[in-house]
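When reading the values below, keep in mind they use all heavy atoms of this one structure, side chains included, and skip hydrogens, waters and symmetry mates. What you see is a predicted model; the values in this text were computed from it and never measured.
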Amino acid sequence: MEHVENRVQEFEFVAEIKQLLDIIINSLYTHPEIFIRELISNSSDALHKIRFKRLTEPNILNPELELRIDITVDPETKLFKIEDTGIGMTKEEVISQIGTIAHSGTANFLKNLKKDSENFDINLIGKFGVGFYSVFMVTDEVTLETRSYIPDSSGVRWKSNGKEKYSIEEIDRPTRGTLIYFTLKDEYKEFAQPERVKEIIRKYSNFVDFPIYVNNEKVNTIDAIWRKKKDEVSREDIENFYKYLTGDDNPPLSYLHFSVEGNVNFNALLFIPDSPPSYYWRDFFDKTISLYSHKVFIQDDNPEILPEYLRFIRGVLDTDDLPLNISRETIQNSPLITKIKQILTNKILSHLEELAENEKEKYAKFTQNFGQIFKGGITIDSANRDRIINLLRYQSTTLPENEYTSLKDYVSRMKENQKSIYYVITDSRSSLSRNPNLEYFLKNNYEVLVMTDPIDSLIVPLIREYDGKPLKSIDKVDVEIQKETDGNERLDPETANKLFERMKSVLGDRVLNVQVSNRLVDSPVTLVAPYFGHDPQSEKIFKILDKNYQKSKKILEVNTAHPIIKNLAKLIDNSESDNIVEKIIEQLYYETLVLEGELEEPTELVKNMNEILQKFTELIGKS
Ligand code: ADP
């Protein structure tokens with residue numbers, strides 16, 4: 001080996017790293033043991049990489065080395081050492097990988113933390129790859145020695161106290177791979193006990209697919225449990241594997257374990273998580289299924305393996321049909337992956353159909369947690385459109401909160417004279433009580449689907465109809481409403497029209513039209529969207545998506561059986577009350593805006609109301 005100049009260089013950490021180090025040291029103290037998981041995970045990644053390189057590149061350093069992870073601890077000296085025969089790092093790589101935040105997990109973590117540092121749930125930290133830096137929880141100084149797989153690379157030593165600076169020097173290192181060592185702080189000396197370390201490995205890293213040795217004793221199982229027959233694996237093994245794979249502490253909501261033989265051959269073990277996707281999770285929608293070929297890990301971020309709307313699925317897929325020495329790019333576009341995607345989609349949809357039929361509570365949970373993402377399938381998977389629509393579940397005005405109905409069940413409950421499926425889009429169940437447009441439906445016991453996901457505004461127009469029945473928003477003018485026969489006396493049409501003309505002239509182009517309402521019971525007026533317009537909740541979403549979105553003008557509907565309206569009609573011929581009539585019409589209009597949450601500026605409303613109150617108090621004083 002050629003002699004290398006032993007020159008120590010000092011570097012400063014980039015600013016984010018300093019910040020990250022502080023956060024880690026101050027907040028991870030409740031789970032100090034995760035540093036072991038993080039170090040093992042890095043070693044395992046490095047071993048996956050070299051296993052792949054060994055198959056695809058002719059020239060690598062020490063091709064014969066066994067792929068393994070060795071941990072050595074000494075309770076006397078509190079020394080902790082971990083060494084792998086993985087891909088190693090060049091000097092440049094050490095500087096760029098360990099001294100900066102180049103990788104997505106940590107960068108996202110910091111971004112979220114900055115956005116919302118007060119409400120940040122520290123327990124989520126475990127779900128992130130906080131990575132290498134977590135060692136600074138348990139020690140004051142870390143040394144890393146590494147040598148890249150590139151044949152003429154030289155060894156590098158990196159050393160830091162995790163505060164401001166780190167140093168780097170070239171060293172003689174005979175073999176490929178990475179060694180990390182440090183002395184544990186006194187309060188963490190438990191991690192120098194071999195038994196404690198083994199226990200932690202069994203908990204967090206049991207399924208790492210390289211052997212892990214602690215003081216020369218092999219600890220983990222290295223089972224490809226997805227390759228086993230269904231009845232050979234216990235539920236407990238499956239759940240432990242899920243925890244290992246995802247870092248999620250809850251057992252999965254449900255899983256599918258199957259193998260496919262024929263044109264395409266593979267084994268798969270797939271999970272639906274129990275928890276809603278936390279956007280803090282590392283790469284939640286990018287890393288879905290770990291793809292293995294001949295038991296060798298290939299990649300876990302292939303965007304082609306699942307359609308976007310199923311990317312809440314986690315799991316492993318192992319196929320012998322992919323040649324091992326295939327490049328990442330070729331896998332991305334391979335016809336085999338397209339075929340696998342089709343089969344997976346089909347299997348997952350069948351599984352969801354089964355859940356929906358037989359495990360209603362679980363399916364309700366699925367709808368709550370992943371319904372939003374899943375619905376998006378209607379926009380992209382036209383081949384499975386009908387299956388997806390049948391799998392949709394909605395709340396409804398006749399069901400208790402958080403119970404869901406399918407469109408099919410809704411239709412089976414429709415009233416005899418009912419032609420459409422009624423729905424309302426709202427931001428929450430509780431704001432429904434403010435919507436006067438629901439009055440008719442509630443009073444006459446028509447069931448209305450309650451849609452609360454922002455994406456519903458985009459999805460419903462695509463569903464259009466179910467079982468020949470159109471979906472109609474109760475906030476729009478064209479929803480069919482049977483004429484009222486409640487015996488309440490209404491204004492005669494002539495008087496009503498005169499009043500409407502007056503209202504139009506007061507409100508001008510703020511409304512599209514003024515017309516009689518059949519949907520109101522207790523309220524005097526309401527706004528409804530015209531035939532080609534959108535309900536208010538959808539308009540809010542469109543406005544968020546497109547700043548220049550122009551809201552459509554609304555139609556003012558008037559309840560001609562309401563006492564205020566009847567009284568108002570009597571006043572309009574009297575020129576003395578001109579001014580107050582105008583104020584009252586304005587006031588009624590403002591109220592509709594308030595109910596829709598559309599009144600940005602209350603000054604006019606208050607001024608108007610005060611003028612009405614002044615008039616009212618004068619009148620009372622006179623009488
Ligand atoms: P992450 O694992 O989330 O990428 P880390 O801070 O743990 O973040 O590691 C940063 C990078 O350093 C890794 O992405 C990898 O490139 C490199 N690295 C860390 N540990 C090892 C190792 N044992 N062998 C080779 N490279 C490593």
Side-chain angles (χ1 to χ4, degrees), residues 34 37 41 121 123-124 126-129 202-209 221 223-260 266-292 297 300-302 305-318 340 343-374 377 391 393 402 404:
I34 72 154
R37 178 191 73 187
S41 156
D121 177 2
N123 293 323
L124 287 172
K127 299 209 160 117
F128 274 96
R202 281 189 212 104
K203 175 164 177 209
Y204 290 109
S205 312
N206 201 32
F207 296 93
V208 166
D209 41 10
T221 354
D223 257 357
I225 71 167
W226 57 89
R227 285 228 171 196
K228 293 190 177 172
K229 292 220 172 62
K230 241 180 163 169
D231 48 6
E232 286 171 5
V233 222
S234 68
R235 194 178 173 94
E236 199 190 346
D237 282 346
I238 299 251
E239 289 184 354
N240 284 335
F241 178 69
Y242 169 78
K243 285 183 195 175
Y244 158 72
L245 191 74
T246 59
D248 186 355
D249 284 337
N250 303 310
L253 183 75
S254 180
Y255 68 89
L256 337 46
H257 185 187
F258 59 93
S259 61
V260 171
F266 63 84
N267 292 288
L269 179 54
L270 308 181
F271 300 96
I272 303 175
D274 175 78
S275 337
S278 159
Y279 294 95
Y280 295 120
W281 277 21
R282 162 134 83 157
D283 312 320
F284 193 87
F285 293 101
D286 301 329
K287 298 204 167 167
T288 56
I289 291 181
S290 299
L291 182 63
Y292 281 72
F297 174 85
D300 60 4
D301 56 353
N302 188 322
I305 206 160
L306 278 178
E308 224 160 302
Y309 71 102
L310 297 179
R311 294 218 186 126
F312 51 85
I313 295 280
R314 289 286 172 279
V316 183
L317 188 147
D318 193 348
I340 290 179
I343 298 173
L344 288 184
T345 303
N346 188 27
K347 285 271 185 193
I348 294 166
L349 289 178
S350 302
H351 184 77
L352 290 174
E353 281 156 2
E354 238 175 80
L355 269 191
E357 186 62 32
N358 304 322
E359 299 199 62
K360 297 228 170 354
E361 262 175 44
K362 280 193 179 176
Y363 196 71
K365 208 163 179 191
F366 164 77
T367 299
Q368 274 167 359
N369 292 344
F370 303 111
Q372 279 246 59
I373 311 162
F374 179 71
L391 282 166
R393 295 293 178 274
N402 294 328
Y404 295 84

Please tell me if the side chains of F241 and V316 come closer than 4.5 Å, counting only heavy atoms from C-beta onward.
yes

So D248 and S275, do their side chains get closer than 4.5 Å, heavy atoms only?
yes

Is any side-chain heavy atom of L344 less than 4.5 Å from a side-chain heavy atom of L317?
yes

Value rounded to 0.5 Å, distance of NZ in K365 from CG in N402
12.0 Å

Step by step, work out the side-chain contact (heavy atoms from CB on, under 4.5 Å) result for N369 and F312.
CA-CA 9 Å; N369 292 344; F312 51 85; over 6 Å; no

Taking atom CG of D237 and atom CD of E232, what is their separation to the nearest 0.5 Å?
11.5 Å

Could you pull out all residues at least two apart from Y309 that satisfy ring pair (Phe, Tyr, Trp, His ring centres under 6.0 Å)?
F374

Looking at every heavy atom in both K362 and L253, which two are closest together, and how far apart are they?
NZ-O, 3.2 Å

Validation row: L352, F366 side chains within 4.5 angstrom (heavy atoms)
yes

Going from NE2 on H351 to CD1 on I313, what distance comes out if it is rounded to the nearest 0.5 angstrom?
7.5 Å

Which atom of F370 lies closest to which atom of P273, heavy atoms considered:
CE1-O, 3.3 Å

Work out which heavy atom in P307 is nearest to a heavy atom in T345; give both atom names and the distance.
CD-OG1, 3.4 Å

How would you list, by chain and number, every residue that makes a side-chain contact (heavy atoms from CB on, under 4.5 Å) with T367, sequence neighbours excluded?
Y363, R393, Y404

Verify the neighbour count for atom CD of E361: are there more than 12 heavy atoms of other residues, nucleotides or ligands below 6.0 Å?
no

Going by the angle between their ring planes, with limits at 30° and 60°, are F266 and F258 parallel, tilted or perpendicular?
perpendicular

Kindly give the heavy-atom pair with the smallest separation between T288 and R311, and that separation in Å.
CG2-O, 3.6 Å

Report the distance from atom OG of S290 to atom CG of N302, rounding to the nearest 0.5 Å.
11.0 Å

Reported CG-to-CD distance for the pair L355 and E357, which is rounded to 0.5 angstrom
11.0 Å

Which residue in the set D318, L269, N267 passes side chain to side chain contact (heavy atoms under 4.5 Å, CB included) when paired with S259?
N267

So, for E239 and P252, which heavy atoms are closest and what is the spacing to 0.1 Å?
CG-CD, 4.0 Å

Can you list everything that forms a ring pair (Phe, Tyr, Trp, His ring centres under 6.0 Å) with Y244? Sequence neighbours excluded, please.
F207

Check P251 against D274 and note the closest heavy-atom contact, atom names and distance.
O-CB, 3.2 Å

Gap separating the CG atom of L310 from the CD1 atom of I348, nearest 0.5 angstrom
5.0 Å

Does the pair I238 and Y255 meet the rule for a side-chain contact (heavy atoms from CB on, under 4.5 Å), with working shown?
CA-CA 9 Å; I238 299 251; Y255 68 89; 3.8 Å; yes

Do I340 and I305 have side chains that get closer than 4.5 Å, going by heavy atoms?
yes

